[in-house]
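A short write-up of the structure that comes next.
Per chain, numbering begins at 1; letters A, B, ... match sequence-line order. What's counted below: heavy atoms across the whole structure, side chains too, no hydrogens, waters or symmetry copies.
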Amino acid sequence: MMKNLENIPVEQRRRTNPLAHVFDEFMAFCQSRSLFMLHYCTGCGAVELPPVMTSRFDGERLGISPMVSPRQADVLLVTGYVSVKTLKRVILTYEQMPAPKYVVGICSCTVNGGMYWQSYATAKKLSDYMPVDIYIAGCMPRPEAVISGMRDLMEKIRTGKADSWKDYFRNYDHYLGQQQRLFGPKWQTPTDIIGEAEHYGLITKNTRGEHTRLLEEHQKRLEPLEMRL
Amino acid sequence: MSKRIDWKALGSILSPLKNVQFLARPAITESLEPRVAAPNYRGFHLNAWDECIGCSTCQKVCDNAAITMVKVPELPNDPVKGVRNLRPAIDYGRCCWCALCVDICPTASISLSREYVHTCFEEEIDSYFMLPREQGMHGKDYGKGWAKSEDADMVDLHRQPMEEVAPEDRVDNFEEIVAGFTRQQAILEASRCVQCGMCHDSCPTHMHAPEYIRAIWQDDVEEAVRQMYRSNPFSHVCGRVCTHRCETACSIGRRGEPIAIRWLKRYAMDAVPHERIREIVAEQKPQFISGRSIGIIGAGPAGLTAAFDLARQGHSVTVYEALAEAGGMTRYGIPYYRLPPEALDNDVDVIVSMGVEIRYNTRVGSDITMEELQRQHDAVLLAIGLQMGRSTRIPGSDHARVFRAVDLLRMAGAGEDFETPRQAIVIGGGNVAMDIARTLARLQKQHYHEVKITVLAMEREADFLADPVEIREAREEGIHIIDARGPREVMVENDELTGLKTWRVKAIFDEQGRFAPT
Amino acid sequence: MRPENYEAKRQPPSNEFELNFGPNHPGIEGNYAFRVKVSGDIVLEGKADAGYLHRGFEKLMENRLWIQNIAITPRICVPDPVPMEVIYCLSVEDLCGQEVPARAQWLRVLQMEMSRFAAYLFYFGGLGSTNGMYTPHYWGMADRDLILDLFEELCGGRVYHIYNIPGGVRRDIPDGWLERVSSTFDYLESRLKDYDDLVFRNQVFIRRTRGIGVLNQQEALELGVTGPNLRACGLPFDVRRDDPYLVYDQLDFDLPTEDAGDNLARALVRRADLFEILRIIRQVIKALPDIDGPIRAPIPNPLAWNVPAGETYQRVESSKGELAWYVVSDGGDKPYRAHVRGPSQTHAVQVLEHLAKGARLEDIAQIMFSLDACPPEVDR
Amino acid sequence: MSKELARWMDDLLQEIDTLKFERKNERRVRVDVDSKSVHSLLELLRGRASFVHLSAISCVDWIDEGQFELVYHIWSYEMNTLVSVHTRISRDSCSYISVYDIFPNCAFYERDIHEMYGMYFEGSPCMDKFILTEWDGPPPMRKDFDSEAWVNEHFDWQDYHPDWLQELETQGGGIAIHPEEQRFSRRNKE
């Protein structure tokens with residue numbers, strides 16, 4: 001993986017408040033106890049999510065609840081295989097989610113192609129296209145396994161280790177390169193990742209590269225729609 | 001409660017308040033900890049390493065290419081016993097938990113556990129690649145889930161029945177006993193093969209058994225013959241009298257009857273006309289001629305195999321044989337009811353057709369000297385074999401009517417007259433002893449219409465050296481077998497044999513494992 | 001190449017707008033998109049956009065051995081996987097001329113009906129959600145889970161059973177399992193009354209669904225509608241009865257119909273179907289203990305299995321309608337061609353496009369759910 | 001009644017010289033017909049013999065013969081019989097006439113065959129891409145498209161190297177047979 005320690009920016013804002021760490025921990029605790037997961041059934045594993053969220057296994061007691069819009073969601077569940085057509089939407093959805101955001105890869109297919117390893121239509125390794133926080137094994141995993149995975153994720157968030165989303169900004173060039181390899185050189189999304197990376201102070205030498213240069217050549221800015229009635 | 005609802009009969013607007021009554025019902029929510037899975041749950045893999053033989057059948061049936069065979073050096077690797085030091089490793093980034101690997105495992109070593117929770121962070125993704133052992137994925141024992149059951153077993157453990165000549169019909173002649181497979185039987189038998197290649201590894205000549213079995217299954221006997229001649233020019237012979245170590249190693253034989261590889265070979269050789277076999281083998285004729293010549297002394301199996309291989313490499317080969325016919329011990333040491341001479345003739349003919357020259361009745365030393373050979377050829381190969389018989393060296397064994405096995409078989413094979421005895425004792429419990437006993441039984445039947453043969457084996461019945469099939473057939477033919485008895489002295493009176501003194505054998509080998517019967 | 005969702009299309013100077021439903025939309029079943037052109041909240045035209053769940057099943061199947069395909073078939077339709085397994089096995093058996101033991105046939109019927117029941121509970125949950133009623137979803141999921149527990153006990157898997165195999169089924173039933181099936185379905189029957197009160201006798205639901213998405217008989221026949229959706233138009237047709245497979249000709253069941261052809265009728269047909277399923281399951285439970293014998297006809301070694309050349313068209317009734325497979329063998333060890341004809345291929349595309357015309361925007365999701373369209377079946 | 005109808009139909013279809021008729025069982029009939037006559041046959045069956053339900057259209061790529069086989073499965077609710085009409089079309093011309101005017105629900109199947117096999121149907125309401133809108137390779141269901149080669153070209157696989165494997169490698173063991181090797185070689189290699 002591209003988690004190179006040198007790439008982490010050294011520039012840290014100085015924190016003078018003695019209660020800052022307590023506050024950080026409290027924030028992390030709160031974050032871990034209130035997760036909105038995006039309601040997007042990308043693959044067959046999605047069929048085990050309704051049982052997770054409803055009466056029998058009741059994911060809501062963990063503070064996890066489905067959310068219909070990516071703009072308000074914290075967790076992106078990639079439930080199984082992602083076809084190339086869906087992958088474009090998943091990447092777009094992921095980029096639209098506000099940080100901090102977490103990706104859960106469910107089922108075999110997100111790890112190494114799964115059942116569909118020979119298929120021309122599905123992507124094989126999810127981590128090539130976006131950083132993944134946690135994987136849940138199974139084809140498909142039972143609701144209990146999903147809940148265990150979500151609890152592990154909560155623990156990771158609570159201890160402040162779940163920061164793979166920063167990886168997307170730090171190594172954007174790598175991820176974009178993989179995306180371009182699959183979708184062609186003209187691939188683009190209307191989100192501005194480099195701008196966001198600047199905003200979060202996560203620009204490293206791997207954020208920009210040949211792939212982002214290629215993107216900038218093609219990129220068309222979004223224009224506001226004309227509304228006529 | 002009605003079966004039909006008439007939508008016009010509108011229900012009460014309060015009926016959704018039904019919900020309220022659920023306040024009093026106990027909750028159905030499960031606890032957060034994972035439940036125990038069902039008794040035949042298909043969870044993560046378990047593999048009993050002691051039972052696993054590394055045949056990699058699981059890898060072949062896996063539809064997702066999730067299984068990698070990994071070499072574990074500390075484990076035994078003995079192809080002759082049918083054991084490899086390979087073990088399956090599972091990629092849970094591919095596995096779909098269909099349990100086909102469990103159902104097809106020839107040894108029933110793989111099973112699935114009742115464990116189903118595994119989560120990992122991105123940096124621990126290697127944990128998705130697992131080498132299953134007896135304990136579960138996380139070292140904890142959750143119990144076996146889906147395991148081999150008789151219902152779900154996909155391995156066919158039973159051989160195709162082979163037709164044989166009935167004992168009463170076969171005992172008075174030297175006709176071949178085993179009928180050989182029919183086409184249908186051969187295809188069915190070949191279809192049992194899981195292509196593990198244990199046979200290939202255990203075979204002394206490394207015959208391409210998986211390939212020719214596959215070809216027989218595809219009803220392409222010519223391809224099967226082609227595969228056989230890749231490594232063995234004596235396919236007719238080996239299809240009948242081979243010791244078939246392949247069948248001992250066969251992974252199907254772990255729990256059932258091994259594939260009848262020997263009979264399949266014989267089937268393929270018999271199914272193709274001899275002319276066609278010659279054509280197929282001729283495809284292997286060399287493209288170039290090396291210009292070197294090689295002399296081989298002895299036209300036995302070793303000499304002729306060497307001649308065949310050398311001829312394929314483009315050398316010109318001359319074989320010198322002391323006797324009038326080629327084949328060596330295969331011709332003179334194996335009774336005709338097991339190996340008809342025509343089969344051997346065919347094999348020799350194929351070898352000759354590759355351009356090998358055989359000079360019969362040429363004994364090196366008397367008809368031609370070694371120096372001459374060395375002068376004529378670039379290289380000379382001695383393939384003279386082991387033709388001297390062994391004796392028991394007990395008192396009285398130098399009597400003229402005490403024969404050595406090899407000599408007797410040669411005499412019988414060559415049709416020499418040695419005065420078939422009315423009564424005979426065969427010392428030994430191996431395959432050669434059975435050959436002798438059954439040959440003599442046939443001769444006795446032809447001459448005196450009764451069989452009076454006793455076989456004296458030193459081993460106990462359970463560990464006889466001879467093939468169980470041989471022993472069964474010998475008994476069917478009226479041969480009396482006494483186990484755990486060793487010869488002590490041949491009793492001779494007035495130059496006539498009168499009997500044999502024996503002792504009870506307690507152990508055949510001494511403490512150092514040497515042959516020292518007591 | 002940017003996703004169409006975000007392509008900034010200039011709108012023509014009118015009050016018509018293009019809107020996207022999905023693929024990430026709560027009103028869409030699964031991963032599926034439906035693009036509509038609206039004027040106000042009236043839909044002028046709808047276009048289905050599938051392929052988000054496309055995996056190329058038919059191509060994959062051509063690359064796998066006959067036996068390996070049993071693992072991949074249930075994945076074609078996730079909420080109702082058993083008919084897919086059964087129909088693949090039926091096809092292979094037909095090609096091989098294999099006789100399936102009676103016990104296996106009855107077990108298959110039992111599974112199919114259990115799966116159908118579970119799929120209907122899923123359906124009610126989804127349909128309730130599109131009307132803003134989330135309780136049926138919660139109840140349906142919990143009740144469906146009881147059936148999944150039974151499946152887990154039977155075959156070791158909750159959703160993907162992989163229990164059927166050409167020639168029969170893979171295992172015999174565990175001890176006491178039939179009694180548990182019986183008691184579970186007794187419980188589920190007692191729950192149906194609750195569902196009636198909650199949904200089917202509920203004024204809100206009836207008023208919300210009545211007269212929406214009306215399909216008359218003529219249109220239904222032209223569009224090739226099958227299954228419960230066809231029965232909701234008053235045409236009693238069911239593959240189980242009219243083209244019987246397995247042992248359905250020995251079972252006694254009715255085909256409930258409704259005449260209205262609207263969303264309510266489609267829901268009511270399925271509701272009435274539940275009682276028929278219970279009837280069938282009870283008949284199977286009664287008959288099964290007396291049917292002894294093997295559960296599987298002997299099959300050849302899976303690694304050396306050539307299915308004789310030929311072609312077969314098998315049909316079964318899934319919970320969504322007529323499911324049919326066309327399987328061709330060239331005598332090799334892999335299928336030469338396997339074509340899946342899922343009921344949703346008609347329902348989710350042409351029927352939905354037809355019904356969307358003139359519908360209100362807020363009804364689109366409801367219409368889609370009421371048709372019980374299953375996107376993975378469309379995409380394969 | 002329906003039995004008699006079925007017999008009539010059998011007799012009628014057997015009369016026609018240009019088609020090959022085969023009754024497979026009580027409810028399955030196979031008809032092989034020249035590609036020119038498919039439409040008139042379907043029209044006849046639908047109009048005169050109540051075969052109103054087009055169950056599916058299947059396409060088979062017989063690459064060795066250079067032909068596509070189209071199979072129209074039609075069902076009669078009255079006769080309870082399924083007729084499969086088989087016809088062959090040259091792989092080169094790759095175009096055929098739609099049956100939209102006879103069976104309006106053929107649109108999905110024809111569109112599907114178009115994108116999966118690249119066969120064009122004249123007169124079909126929509127021949128746009130549907131499932132493979134973002135696919136620019138060859139029609140994937142054709143036999144000459146090698147899915148696996150395409151996948152290996154476009155994707156990477158996980159490169160696992162867990163601790164136990166490293167340990168085995170230090171002992172002289174390690175990965176012996178990769179799944180891909182086993183799967184397709186079947187010991188063909190020496």
Open item on the list: Tell me which of these, A:Asp58, A:Thr54, A:Leu87, A:Thr122, has more heavy-atom pairs under 4.5 Å with chain C than the rest.
Closed with: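 Highest number of heavy-atom pairs under 4.5 Å: A:Thr54.
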
Open item on the list: I'd like to verify something: which residue of A:Thr42, A:Thr93, A:Leu38 has the highest number of heavy-atom pairs under 4.5 Å with chain C?
Closed with: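 Among A:Thr42, A:Thr93, A:Leu38, the one with the most close pairs to chain C is A:Thr42.
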
Task: Atom of C:Arg64, atom of A:Met115 and distance for their closest heavy-atom approach - done: NH2-O, 2.6 Å

Which atoms of [X] come close to chain A, meaning under 4.5 Å heavy atom to heavy atom: side chain ones, backbone ones, both, or neither?
| X | answer |
| --- | --- |
| C:Tyr32 | neither |
| C:Arg55 | both |
| C:Tyr138 | both |
| C:Tyr134 | neither |
| C:Ala33 | neither |

Rounded to the nearest 0.5 Å, what's the gap from [atom1] on [X] to [atom2] on [Y]? Could you check?
| X | Y | atom1 | atom2 | value |
| --- | --- | --- | --- | --- |
| C:Ile72 | A:Ser119 | CD1 | OG | 8.5 Å |
| A:Tyr120 | C:Leu60 | OH | CG | 8.0 Å |
| C:Met141 | A:Glu48 | CE | CD | 9.5 Å |
| C:Asp149 | A:Arg56 | CG | CZ | 4.5 Å |

TODO: With sequence neighbours left out, write down each residue that passes side chain to side chain donor-acceptor pair (under 3.5 Å) with C:Asn164, or none if nothing qualifies.
DONE: C:Glu85, C:Arg108, C:Gln111

Open item on the list: For a 4.5 angstrom cut-off between non-hydrogen side-chain atoms, does A:Arg89 reach C:Asn31?
Closed with: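 SC-SC contact between A:Arg89 and C:Asn31 ruled out.
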
Open item on the list: A side-chain contact here means heavy atoms from C-beta on lying under 4.5 Å apart; do A:Pro51 and C:Arg158 qualify?
Closed with: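 A side-chain contact under 4.5 Å exists here.
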
Task: Those residues of residues 78-86 of chain A, ordered by number, that approach chain C below 4.5 Å (heavy atom to heavy atom) - done: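 Hits under 4.5 Å: A:Tyr81, A:Ser83, A:Lys85, A:Thr86.
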
